[in-house]
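Nothing fancy with the numbering, it's 1 onward along the sequence.
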Amino acid sequence: MPRRVVWKPALCDAGLDEGLRIHDLRSTTASMLISSGASVKVVQRTLGHASAAVTLNVYAGLFDSDLDTAADALDDRFSVANVAPVCPGPDREVSEIRPTGT
């Protein structure tokens, strides 16, 4: 009954498709939080999940874009720390690999 009495009229008043479900709004909220850089804990608390594991089980795919950001951040850290590459190049001996500046 509440769907017909409250939800459907609210969708109509907002000019939204009457097929829109409340669950769709939760997914949109999660997507927007994740894309804005919110941590999994923030998403968990906003959606009311019992644990971050529940949030990750449902929305893990949305966090994939963070992988490039995390990799870039690690690259930046290593370049600031002046750490030489771990793997030797074709013209380098393994014994030549050491932190730079020593």
Using atom types as modelled, flag every donor-acceptor pair under 3.5 Å from a side chain in residues 5-20 to any protein atom, sequence neighbours excluded.
from: Trp7; atom 1: NE1; to: Leu20; atom 2: O; distance (Å): 2.8
from: Lys8; atom 1: NZ; to: Glu18; atom 2: O; distance (Å): 3.3
from: Asp17; atom 1: OD1; to: Gly19; atom 2: N; distance (Å): 2.6

Closest non-hydrogen contact found for Ala38 with Val43 is CB-CG2, 4.3 Å
Show the numbers, then the answer: is there a side chain to side chain contact (heavy atoms under 4.5 Å, CB included) between Tyr59 and His49?
CA-CA 12 Å; Tyr59 298 104; His49 291 155; 3.8 Å; yes
Under a side-chain separation threshold of 4.5 Å, the hydrophobic residues clustered together with Val54 are none
OG of Ser27 to CZ of Arg21, rounded to nearest 0.5 Å, is 7.5 Å
(request) Tell me, please, which residues at least two apart from Thr28 pass side-chain contact (heavy atoms from CB on, under 4.5 Å). (result)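 Thr28 satisfies side-chain contact (heavy atoms from CB on, under 4.5 Å) with Met32 only.
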- Query: Do Leu47 and Leu33 share a hydrophobic cluster, counting only Ile, Leu, Val, Met, Phe, Trp and Tyr and linking them when any side-chain heavy atoms are less than 4.5 Å apart?
  - Reply: yes
- For the hydrophobic clusters of this structure (ILVMFWY residues joined by side-chain heavy atoms under 4.5 Å, transitively), does one cluster hold both Ile34 and Leu56? yes
